[in-house]
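First comes the structure, then the notes that go with it.
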There are 2 protein chains.
Amino acid sequence: MQYHQAVVAAEPLVTALDQAGYRLTQPRRALAMMIAGRDGHFTAAELLDEARQRRLGIGRATIFRALDLFADLGLLERLDLPTGDHAYVPCEPVHHHHVVCSVCGASTDVQAACIQATVAEIERQSGFRIDSHRLELYGRCPLHAAAGTP
Amino acid sequence: MQYHQAVVAAEPLVTALDQAGYRLTQPRRALAMMIAGRDGHFTAAELLDEARQRRLGIGRATIFRALDLFADLGLLERLDLPTGDHAYVPCEPVHHHHVVCSVCGASTDVQAACIQATVAEIERQSGFRIDSHRLELYGRCPLHAAAGTP
DNA sequence: GAAGTTAATGAGATGCAGTATCATCAAGCG
DNA sequence: CGCTTGATGATACTGCATCTCATTAACTTC
Ligand SMILES: [Zn+2]
Ligand SMILES: [Zn+2]
Ligand SMILES: [Zn+2]
Ligand SMILES: [Zn+2]
């Protein structure tokens, strides 16, 4: 069970860009490596800070554009944290959900299958034709489950 | 089956404020009526526009404060639309979820019970202790289910 | 490898959502 | 009616995100 703690390799991001017909530019390569070096979720602002500290000369706009692009390709997913912040999580390009630790930010994937039945039930109940949904779960990872208030 | 389409009465909002010990001010009464007159979800910006058009003289800050207050009292719930916009939906003060029509914005409540089992299953799968979750469903209401692409 | 085409970049300006400040106002109360 | 204090709104401000556009560099073609 990996908590997105393990360092993700940068190549998948780069090759996915290539296969989709996008240019393999220096800023995009650098961002892929920065994302690969992250544990758990991260925000655009954090990437911006890191890029600045490392004097990579990557512009604000480029970072937002790259994040959008990765998200469109299904390599990142955008989360709305309970705090209201927008964060991103490295992601398999198939529909699934995330469980996020409120203490350390670690996250793990949950396969979508286990919610299919629920969605079907909700379609029946509501009469709506459901096209998409967002499910995000917040709690404490095994390491932090002991501490804190339930 | 109400789709939050029916005009919600303003009194519940006002009386809830009163019972919670908040002052029944003119701006809050006006906002309660504006919210009551809305169908489906709405944004802070929309309320702001309406207030300006009607020359109600309600300040930006007051609107945000009132929305926060109603949300704290469980009378509104804040949604993160797929577009990234933040919207609010009139709401019962118990935990539940929303199905939102992407065409007309109509929404209906879904009882939380039907996801309890799923959450338990996810706790088992992930090893996380889950404290909270957010589930929002998007699709088309019965009136709009026929049209559009699936 | 050089030249050309065009996507991509980055600096800065701009827009916009939400918050902080604080003097003024009015809701509730006796 | 007059007091007390929560509430208001004008203003300023912060910070995220987007837009513009001249310049750059990634890929293509030869
Ligand atoms: Zn943790
Ligand atoms: Zn899902
Ligand atoms: Zn509701
Ligand atoms: Zn509809």
Side-chain angles (χ1 to χ4, degrees), chain A residues 13-35 41-73 75-76 78-88, chain B residues 10 13-35 41-73 75-88:
Chain A
L13 294 170
V14 177
T15 57
L17 277 183
D18 196 20
Q19 286 178 1
Y22 293 99
R23 293 187 182 175
L24 267 37
T25 67
Q26 202 47 51
R28 282 174 179 167
R29 287 177 191 276
L31 285 168
M33 295 200 48
M34 290 170 56
I35 290 170
H41 58 61
F42 58 89
T43 65
E46 289 169 354
L47 288 190
L48 242 163
D49 285 348
E50 185 176 340
R52 261 200 278 261
Q53 285 176 4
R54 295 193 181 179
R55 319 266 174 183
L56 295 177
I58 301 177
R60 200 190 329 271
T62 300
I63 290 182
F64 281 99
R65 283 187 286 235
L67 288 174
D68 275 357
L69 190 51
F70 286 134
D72 283 348
L73 294 175
L75 304 167
L76 291 181
R78 185 169 165 167
L79 301 179
D80 292 304
L81 267 11
T83 62
D85 289 348
H86 294 155
Y88 295 84
Chain B
L13 294 170
V14 176
T15 57
L17 277 182
D18 196 19
Q19 285 178 3
Y22 293 98
R23 292 189 181 174
L24 268 37
T25 67
Q26 201 47 51
R28 283 174 178 166
R29 287 176 191 277
L31 285 169
M33 295 201 49
M34 289 170 58
I35 290 170
H41 58 60
F42 59 87
T43 65
E46 288 169 355
L47 288 191
L48 242 163
D49 286 347
E50 184 177 340
R52 261 199 279 261
Q53 285 175 4
R54 295 193 182 179
R55 319 267 175 182
L56 295 177
I58 301 178
R60 199 192 327 273
T62 300
I63 290 182
F64 282 100
R65 283 187 286 236
L67 288 174
D68 275 358
L69 190 51
F70 285 136
D72 283 349
L73 295 175
L75 303 167
L76 291 181
E77 181 162 322
R78 185 170 163 166
L79 300 179
D80 293 304
L81 266 13
T83 62
D85 289 346
H86 294 156
Y88 295 83

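Within every chain, numbering begins at 1; the chains are lettered A, B, ... in the order of the sequence lines, protein sequences first and strands thereafter.
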Under 4.0 Å from any heavy atom of chain B: name the first and the last nucleotide of DNA chain C that qualifies, 5' to 3'. C/dG18 to C/dG28
For the helix from C/dG1-D/dC30 to C/dG30-D/dC1, measure the angle between the helix axis at one end and the axis at the other, each built from five pairs, rounding to 10°. 40°
How many whole angstroms separate atom NE2 of B/His86 from atom P of D/dG15? 18 Å
The reported gap from CD1 in A/Ile63 to CG in A/Leu47 (rounded to nearest 0.5 angstrom) is 6.0 Å
Taking CG from B/Asp68 and P from D/dA7, how many angstroms apart are they, rounded to a whole number? 13 Å
I want to check something: taking the side chain as every heavy atom from C-beta on, are A/Leu56 and A/Glu50 in contact at a cut-off of under 4.5 Å? no
Please identify each residue that fulfils side-chain hydrogen bond (donor to acceptor under 3.5 Å, both in side chains) with B/Arg78, with sequence neighbours left out. B/His86
Pairs under 3.5 angstrom only: tabulate donor-acceptor contacts from the side chains of residues 20-35 of chain A to other protein residues two or more places apart or in another chain.
from, atom 1, to, atom 2, distance (Å)
A/Thr25, OG1, A/Arg28, N, 3.3
A/Arg28, NH1, A/Arg23, O, 2.9

Can you tell if the side chain of B/Asp80 reaches within under 4.5 Å of the side chain of B/Asp85, non-hydrogen atoms only? no
Is any side-chain heavy atom of B/Leu75 closer than 4.5 Å to one of B/Tyr88? no
I need the residues from residues 44-60 of chain B with at least one non-hydrogen atom less than 4.0 Å from DNA chain D; give them sorted by number, or say none. B/Gly57, B/Ile58, B/Gly59
Student check: side-chain heavy atoms of A/Phe64 and A/Leu69 closer than 4.5 Å: no
Identify the two heavy atoms, one from B/Ala87 and one from B/Leu81, that lie closest to each other, and give their separation to 0.1 Å. CB-CD2, 3.6 Å
Start at the 5' end of DNA chain C and walk down; is the nucleotide closest to A/Ala61 or to B/Arg78 reached first? A/Ala61
Intermediate values then yes/no, side-chain contact (heavy atoms from CB on, under 4.5 Å), B/Leu17 and B/Phe70: CA-CA 8 Å; B/Leu17 277 182; B/Phe70 285 136; 3.9 Å; yes
Nearest heavy atoms of A/Ala51 and A/Ile58, plus distance in Å: CB-CB, 4.5 Å
Would you mind reporting whether A/Asp68 and A/Arg65 have side-chain heavy atoms less than 4.5 Å apart? no
Generate the contact string for nucleotides 21-30 of chain D. Rules: B means base contact, S means sugar-phosphate contact only, - means no protein heavy atom under 4.0 Å. ----BBS---
So does B/Thr43 get a backbone contact from the side chain of B/Glu46, meaning a donor-acceptor N/O pair under 3.5 Å? yes
